[in-house]
Amino acid sequence: MPTPFRSALAGLALAAIVAMPALADGLKDEIAPTGKLRVAIAISPAGGAFWSTKTEAGYAGVPVDLGKAMAAQLGLPVKYVVHQNSGQITDAASKGTWDVTWLPKDPERETKMLFGPIYEVADATYIVKPGSAVSNFATLDQPGIKVAAVNATTTMRGAIAHLKHAKVTGYQTYDEIFSLLKSGEIDAFALSRDQLNKMAQKIPGTRVLDETFKKTVTAVALPLGHNQALAFVTKFMNEAMTNGTLRKAYDDNGLKDSPIRTE
């Protein structure tokens, strides 16, 4: 091989080696400008693929485990930024207070955040209060019926679009709605079926309706403009769905019987 050609190859190789750390640094600057990966989570006892819970040791949940694994891959410490619901996480997307999150996706949120791969699809329905005569959507959607939803969420927007006569009111926390349903101060609560089934076990006499009014999809998300970070989190999630990371997060958080649904 001629010497000039060998020199050119060596130069290209050196340039690639030099560029790799620069690329990595550029990604870290974009995805974690504070030097920590700040993961936005929403706290509730509901569990599931989106909600996280407070524990004696800190926090637990699928987003908690995914955030920890992502931070480890980046070689960064993780910090959890706590919110009461996904609407609050969305509202903070432009404020620079968090770096990555996992939450339900809808067209309105796509104007405020960048979304990567979907990893969960849930059926949204309603649970009705103890002793209620409501048995289906037709008997639920009546004047004077009070339906609760977690404020500014995809499920709340879906319930408002679905119900033409019943009144939908948003509340900040799952716990508040749980108490209102248990005491009979509201007639129904809109949420994903798996979470409502767990709620029904805790409030005797409640009933989860058989019908579904909306499919809620959950995905990894970033603030707008973080395009390099989007490529990274997309790759991370695609690998997590094939290498067992996501399955383990489900299994470790009470979702052993829940399939991973991407569509």
Side-chain angles (χ1 to χ4, degrees), residues 31-32 36-74 76-93 95 97-106 109 113 115-122 124 149-156 170-179 189 191-199 201-202 216-223 233 236-237 240-241 245-258 260-261:
I31 198 171
K36 294 181 180 180
L37 185 67
R38 298 170 299 170
V39 178
I41 58 174
I43 298 297
S44 140
F50 157 64
W51 292 99
S52 297
T53 58
K54 183 78 172 70
T55 69
E56 291 183 3
Y59 303 101
V62 173
V64 171
D65 290 354
L66 291 176
K68 184 178 179 180
M70 183 179 288
Q73 193 170 120
L74 288 164
L76 295 170
V78 65
K79 177 182 179 181
Y80 299 107
V81 183
V82 175
H83 301 78
Q84 292 182 311
N85 57 57
S86 59
Q88 290 184 354
I89 295 175
T90 303
D91 290 343
K95 298 177 181 178
T97 56
W98 58 262
D99 303 312
V100 66
T101 190
W102 286 263
L103 81 175
K105 166 186 173 182
D106 68 8
R109 287 184 177 165
M113 289 180 280
F115 283 92
I118 294 166
Y119 68 96
E120 198 247 359
V121 182
V150 179
N151 194 53
T153 59
T154 61
T155 304
M156 180 175 173
Y171 297 86
Q172 287 297 331
T173 69
Y174 172 102
D175 287 345
E176 182 180 9
I177 300 172
F178 182 97
S179 297
F189 177 20
L191 200 66
S192 67
R193 184 178 301 282
D194 59 341
Q195 293 163 356
L196 294 180
N197 284 337
K198 292 178 181 178
M199 179 182 282
Q201 295 173 1
K202 298 177 181 178
T216 301
V217 299
T218 305
V220 62
L222 300 162
V233 301
F236 172 88
M237 285 304 297
M241 285 186 270
T245 299
L246 182 57
R247 182 69 263 168
K248 187 176 187 304
Y250 269 51
D251 293 350
D252 289 349
N253 290 283
L255 300 173
K256 288 186 177 181
D257 297 326
S258 299
I260 294 168
R261 299 172 61 188

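What you see below is based on every heavy atom in this structure, not just the backbone, and it leaves out hydrogens, waters and symmetry mates.
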Working to the nearest 0.5 angstrom, can you tell me the gap between [X] [atom1] and [Y] [atom2]?
| X | Y | atom1 | atom2 | value |
| --- | --- | --- | --- | --- |
| Thr216 | Leu103 | OG1 | CG | 11.0 Å |
| Thr173 | Glu176 | OG1 | CD | 5.0 Å |
| Lys248 | Asn253 | NZ | CG | 9.0 Å |
| Leu74 | Lys36 | CG | NZ | 15.0 Å |
| Met199 | Gln195 | CE | CD | 8.5 Å |
| Ser192 | Lys198 | OG | NZ | 8.5 Å |

Are the side chains of [X] and [Y] in touch, meaning some heavy atoms are under 4.5 Å apart?
| X | Y | value |
| --- | --- | --- |
| Thr155 | Val150 | no |
| Thr90 | Met113 | yes |
| Ile41 | Val82 | yes |
| Phe50 | Val62 | no |
| Val233 | Ile31 | yes |

statement: Exactly one of Phe178, Tyr171, Tyr174 clears side-chain contact (heavy atoms from CB on, under 4.5 Å) with Phe189, and that residue is Tyr174
- request: Using the side-chain contact (heavy atoms from CB on, under 4.5 Å) rule, take Asn151 and Met156 through it: C-alpha gap first, then chi angles, then the decisive distance, then the call.
  value: CA-CA 7 Å; Asn151 194 53; Met156 180 175 173; 3.7 Å; yes
query: In chain order, what residues pass the salt bridge (charged side-chain N to carboxylate O under 4.0 Å, His left out) check against Asp106, with sequence neighbours excluded?
result: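 Residues passing salt bridge (charged side-chain N to carboxylate O under 4.0 Å, His left out) with Asp106: Arg157.
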Has [X] got a side-chain atom pairing as donor or acceptor with [Y]'s backbone, closer than 3.5 angstrom?
| X | Y | value |
| --- | --- | --- |
| Arg109 | Pro104 | yes |
| Asp99 | Leu37 | no |
| Asn85 | Gln172 | yes |
| Tyr119 | Ala49 | yes |

- prompt: Which is it for Val64 and Val39 under the side-chain contact (heavy atoms from CB on, under 4.5 Å) test, yes or no, and what are the steps along the way?
  reply: CA-CA 8 Å; Val64 171; Val39 178; over 6 Å; no
Search all heavy atoms of [X] against all heavy atoms of [Y] and return the closest pair with its distance.
| X | Y | answer |
| --- | --- | --- |
| Gly67 | Val78 | O-CG2, 4.0 Å |
| Ile89 | Ala40 | CG2-CB, 3.8 Å |
| Ala221 | Trp98 | O-CZ3, 3.8 Å |
| Ala69 | Thr245 | CB-CG2, 4.2 Å |

task: I would like to know whether Asp91 and His83 meet side-chain contact (heavy atoms from CB on, under 4.5 Å); could you show each step before the answer?
output: CA-CA 11 Å; Asp91 290 343; His83 301 78; over 6 Å; no
- prompt: In chain order, what residues pass the side chain to side chain donor-acceptor pair (under 3.5 Å) check against Thr101, with sequence neighbours excluded?
  reply: none
field: Residue pairs involving residues 43-54 (criterion side chain to side chain donor-acceptor pair (under 3.5 Å); sequence neighbours excluded)
entry: none
